[in-house]
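Shown next, in structure tokens, is the structure this report addresses.
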Amino acid sequence: MKNILSTFALLFILCASINAQEKLPITPEDISIEYTKYVLDNGLTLIVHEDHKAPIVAVNVWYHVGSKNEKPGKSGFAHLFEHLMFNGSENFNDDYFQVLERIGSTDLNGTTNNDRTNYFQNVPKGSLDQVLWLESDRMGHLLGAIDQAKLDEQRGVVQNEKRQGENQPYGKQYDLLVKAMFPKGHPYSWTVIGEMEDLNAASLEDVQEWFKSYYGAANATLVVAGDVTPEVALKKVTKYFGNIPSGPTLVVPEENIPIRETDTREYYQDRVAESRVVKAWNTPKWGTKEAANLELAALILSSGKNSRLYKELVYNKQIATQSFAFNWEKELVSNFIVQANAKPGVDIYELEKELEVILDKFLAEGPSSDELFRVKSEYFADYLKGLERIGGFGGKSDILAQNQVYGDDPSYYKTWLKYIEEASIKEVHETAKKWLSKGSHTIVCEPFPQYSVTGEEADRSKLPEVTEVSAVKFPAIQTKELKNGLKIKLARREGVPTVVMNMVIDAGYASDQFAAPGTAKLAMSMMDEGTKNMSSLEINDKLQRLGASIGAYSDLDNSYISLNTLKPTLEASMEVYADVILNPAFPETELERLKKQQLATIQREKTTPIQMALRVVPKYLYPENHAYHQPLTGSGYEETVNALKRDDMIDFYDKWIRPNNATLVVVGDISMDDLVDLVESNLGKWKKGNTPEKTLTEVNVNDSNVLYLMDRPESQQSVIIGAKLIPGYGKLDEIATTSMMNVYGGEFTSRLNMNLREDKHWAYGAFGFIQDSKGQRAFLSYAPVQTDKTAESVTEIRSEMTGISGDNPVTPEELDKVLNNSILQLPGQWETNGSVASSIVDQVVYNLPEDYYSTYSDKIKNVKLNTVNNLAKEVVNKDQINWFIVGDKEKVLENLNKLGFKEIVVLDQEGNPVKPEGASVNSSK
């Protein structure tokens with residue numbers, strides 16, 4: 001017995017030694033953001049980071065104020081004020097989006113959370129003075145430009161944003177959560193967007209007090225990152241910001257963790273397709289070692305297919321369609337949240353029990369060394385990939401600002417990453433036990449039952465008698481073609497150690513014309529769910545260790561298999577990628593699991609307002625025999641997906657996944673010779689094959705002015721879509737078409753958005769766009785509006801269509817604005833390898849010339865006003881529009897009947913016509 005024990009001890013030591021030798025592919029030492037920090041005499045913190053790979057500069061301003069600084073009864077004010085900051089300052093009293101779009105801004109936005117408000121944009125380096133002037137003007141010279149009209153305008157916009165959020169499935173979740181986790185009066189006891197009555201009560205005096213209290217220079221951090229030196233940045237910032245007062249002294253709230261001794265729970269119903277269970281705990285604040293340990297615990301529970309929640313609930317037991325955990329880190333106290341959606345037909349309380357079994361086991365035993373290594377590898381790889389961008393969410397300027405504001409040190413991220421790297425099994429386990437063993441709050445959401453009426457009325461002329469008692473910058477592109485017909489397009493980019501690949505296959509949802517609707521989506525989702533050599537979980541495990549990811553998906557005309565990896569692990573990642581492409585096994589167990597997930601997706605689409613419309617629009621734009629006559633989401637129908645077999649997946653693969661039907665787009669730091677060698681060695685044996693030729697019949701667009709109304713009772717908003725078909729991509733002057741669409745509805749300052757959002761305050765956003773496709777494609781006008789303004793909004797959209805296509809054509813000033821904006825955005829448009837790859841994919845899909853993007857700015861400059869206005873007459877013609885509205889029929893139908901539609905067709909969730917109760921299906925012209 002002693003010898004046996006010694007043998008086991010020796011094996012344990014050997015295994016531990018092997019594990020100890022496995023090194024992370026990326027460590028904190030590989031991650032660094034160089035910066036120079038200044039503090040101006042007025043207290044403004046300036047951080048400058050040099051990055052000369054593109055001639056752009058990110059300007060990111062963080063004010064250390066969020067919803068936690070609000071007073072009870074004044075909720076939502078931090079976010080409302082953020083909106084007001086875009087409405088003009090004393091020396092530029094105009095919408096800030098107007099000028100920022102003119103100077104080529106990208107990654108442009110402002111956001112508010114519990115702890116901070118930020119304003120950020122990327123601009124061409126030549127526009128740096130303009131954006132610094134604008135940011136400093138609204139920091140130092142705002143109040144004189146704010147009046148009651150502007151306050152009322154943005155109040156309406158924010159209230160529509162709140163309605164839009166609450167109109168989504170599970171829209172009540174976070175409002176319930178924060179009120180349960182924090183006692184009344186705690187700075188986190190209300191949501192960031194606030195209460196409707198508090199927004200109604202906001203006054204001009206509140207605006208002035210908020211600005212004077214929190215928008216001084218000493219309460220702000222300004223990050224300038226990109227093609228600029230610290231000396232130049234300091235000189236410019238001092239010039240524009242140096243004379244702005246510091247602002248008053250502020251009380252800085254301390255860490256405040258409400259300790260919950262008992263578990264609590266609550267229940268609500270919503271119009272959703274799936275039941276959901278959410279569990280939450282109060283945990284330590286942002287930046288602490290314990291927060292890092294809980295971040296890793298969350299990743300172990302839910303990151304990737306090998307995570308405990310996914311593997312058990314979604315993969316093995318198949319009782320959930322999704323499940324995840326995350327540590328929501330905030331400045332005073334964080335929340336650890338675990339969430340799971342039950343597969344339709346599964347009892348939510350059964351799912352909750354299984355979820356608790358997983359959590360209890362994790363708290364009892366802790367993580368394994370293998371789990372901890374895997375999630376650390378993935379964490380550092382994702383962090384490094386994010387550093388490719390200088391601006392926007394998660395870019396380098398965002399990281400520097402966050403760490404300065406919350407950690408009082410721009411490089412505090414190094415401390416955090418060190419916490420992640422050094423976290424041991426014991427530390428993660430003990431931290432999880434300390435904070436997740438008691439004090440949880442559980443929220444259960446169940447679908448509101450589908451009720452119906454008989455349609456037959458009882459005799460109400462008398463009371464019935466009782467009868468009985470009953471109970472009741474664009475890089476150069478290199479091109480090669482292998483012997484098997486596989487085409488390769490490479491854009492070599494040095495400096496960032498990542499490589500992006502995307503295999504473009506001419507298939508897509510349109511290929512379902514040779515199969516059942518939903519086939520392409522399901523088949524592509526199965527590509528990485530097991531090969532002849534590896535299971536789905538083994539594939540995922542390998543990719544996590546390599547810091548790589550593979551995706552397989554489709555759009556209307558094409559299917560794609562993508563790889564995003566690190567240069568040091570490219571060869572090993574390519575082996576996995578090739579195995580997925582060449583040897584998909586389409587295992588029966590995975591097919592049944594993914595079929596159920598796709599069916600659950602269809603059910604979710606049938607309860608989410610915009611998806612409800614998008615499922616139905618193609619059904620009434622294209623005839624039944626057309627390849628596009630199917631839900632725009634590509635998910636198919638429940639009956640068609642239910643009937644799919646493994647042979648259907650194999651048939652799809654054999655028909656379409658062929659090298660001579662594919663192009664491999666690659667962007668990264670690799671030469672063409674090395675790339676060809678790599679692809680040849682992995683994909684050279686891939687065999688050619690014949691592929692079907694998709695046919696797209698021409699559709700007559702004259703049958704129009706019909707309204708299709710989908711009833712969604714109790715909707716706080718109506719989703720309006722006006723749609724018609726226009727010629728396929730490339731059959732019009734696409735740059736001129738895009739320019740016209742930007743004026744009409746493609747930008748924030750477009751006519752449609754400025755009308756319904758900024759002027760009428762009926763919508764959080766209203767836009768027009770074109771669904772690109774090879775065949776005839778959909779021109780769409782889209783607006784989610786408050787229910788009581790549904791008919792009025794249709795009238796306004798029609799008015800905008802009539803204007804731009806007739807009596808109010810695009811003006812020279814409007815065209816100059818959108819053209820200049822398009823040109824100025826180009827330097828930042830291709831900042832990342834992924835964005836470059838996306839443009840090359842477009843070049844492949846639509847057979848664009850090799851020099852299309854290298855000469856793109858010249859093409860834009862040559863767009864003529866008469867061309868744009870002639871296109872407007874062809875594309876935006878209200879007389880050829882059919883209308884689709886998702887909303888509460890009982891509240892909107894009466895007024896819609898007055899708008900002169902040729903016909904009003906009330907639809908059920910499947911998009912099938914039903915006769916509305918008490919109203920005629922046909923309306924008078």
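For the numbers below, each heavy atom of this structure counts, side chains included, while hydrogens, waters and symmetry mates do not.
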Does this structure show an ion pair linking [X] with [Y], if we count only N-O contacts that are shorter than 4.0 Å?
X: E575; Y: K542; answer: no
X: K317; Y: E312; answer: yes
X: E388; Y: K396; answer: no
X: K483; Y: E680; answer: no
X: K595; Y: E588; answer: no
X: K418; Y: E29; answer: yes
X: K53; Y: D51; answer: yes

Any side-chain donor near an acceptor of the partner, [X] and [Y], under 3.5 Å:
X: S635; Y: E605; value: yes
X: T531; Y: D579; value: yes
X: S835; Y: S838; value: no
X: S303; Y: E378; value: yes
X: N306; Y: D541; value: no
X: T498; Y: N833; value: yes
X: S559; Y: W656; value: no
X: D555; Y: Y560; value: yes
X: R604; Y: T601; value: yes

Any side-chain to backbone donor/acceptor pair from [X] onto [Y]? Under 3.5 Å, distance only.
X: Q544; Y: V375; answer: no
X: N862; Y: D858; answer: yes
X: R646; Y: A585; answer: yes

**Message:** Once side chain to side chain donor-acceptor pair (under 3.5 Å) is applied, do any residues pair with E571, and if so which ones, sequence neighbours excluded?
**Reply:**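 Partners of E571 under the side chain to side chain donor-acceptor pair (under 3.5 Å) test: none.
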**Item:** Any residue meeting side chain to side chain donor-acceptor pair (under 3.5 Å) with W416, in chain and number order, not counting sequence neighbours
**Value:**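 If we apply the side chain to side chain donor-acceptor pair (under 3.5 Å) test to W416, skipping adjacent residues, the hits are Y379.
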**Request:** Would you check if the distance from the ring center of Y853 to the ring center of Y856 is below 6.0 Å?
**Result:**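 Aromatic pair counts; centres sit under 6.0 Å.
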Which distance, rounded to the nearest 0.5 Å, do you find between the [atom1] of [X] and the [atom2] of [Y]?
X: I390; Y: E831; atom1: CD1; atom2: CD; result: 5.0 Å
X: I56; Y: T106; atom1: CD1; atom2: OG1; result: 6.0 Å
X: S573; Y: L543; atom1: OG; atom2: CG; result: 7.0 Å
X: L384; Y: I26; atom1: CG; atom2: CD1; result: 5.0 Å
X: Q776; Y: I726; atom1: CD; atom2: CD1; result: 9.5 Å
X: T697; Y: H629; atom1: OG1; atom2: NE2; result: 11.5 Å

**Message:** Once side-chain contact (heavy atoms from CB on, under 4.5 Å) is applied, do any residues pair with D506, and if so which ones, sequence neighbours excluded?
**Reply:**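 For D506, the residues satisfying side-chain contact (heavy atoms from CB on, under 4.5 Å) (neighbours in sequence not counted) are N558, N661, K694, K774.
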**Message:** Pair S307, E371 - check side-chain contact (heavy atoms from CB on, under 4.5 Å), show working.
**Reply:** CA-CA 8 Å; S307 64; E371 287 176 318; over 6 Å; no
**Prompt:** Can you name the residues that form a ring-ring contact (aromatic ring centres under 6.0 Å, His included) with Y577, not counting sequence neighbours?
**Reply:**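 For Y577, no residue satisfies ring-ring contact (aromatic ring centres under 6.0 Å, His included) once neighbours in sequence are set aside.
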**Item:** Set of ring-ring contact (aromatic ring centres under 6.0 Å, His included) partners for Y622, sequence neighbours left out
**Value:**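 For Y622 the ring-ring contact (aromatic ring centres under 6.0 Å, His included) partners, ignoring immediate neighbours, are H626, Y628.
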**Message:** With a 4.5 Å cut-off on side-chain heavy atoms, are L632 and Q611 touching?
**Reply:**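 Contact flag for Q611/L632 side chains = no.
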**Asked** Does some side-chain heavy atom of T27 sit less than 4.5 Å from a side-chain heavy atom of E421?
**Response**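 Yes, their side chains come closer than 4.5 Å.
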**Request:** Only counting residues at least two apart or in another chain, list the ones meeting salt bridge (charged side-chain N to carboxylate O under 4.0 Å, His left out) with E481.
**Result:**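 If we apply the salt bridge (charged side-chain N to carboxylate O under 4.0 Å, His left out) test to E481, skipping adjacent residues, there are no hits.
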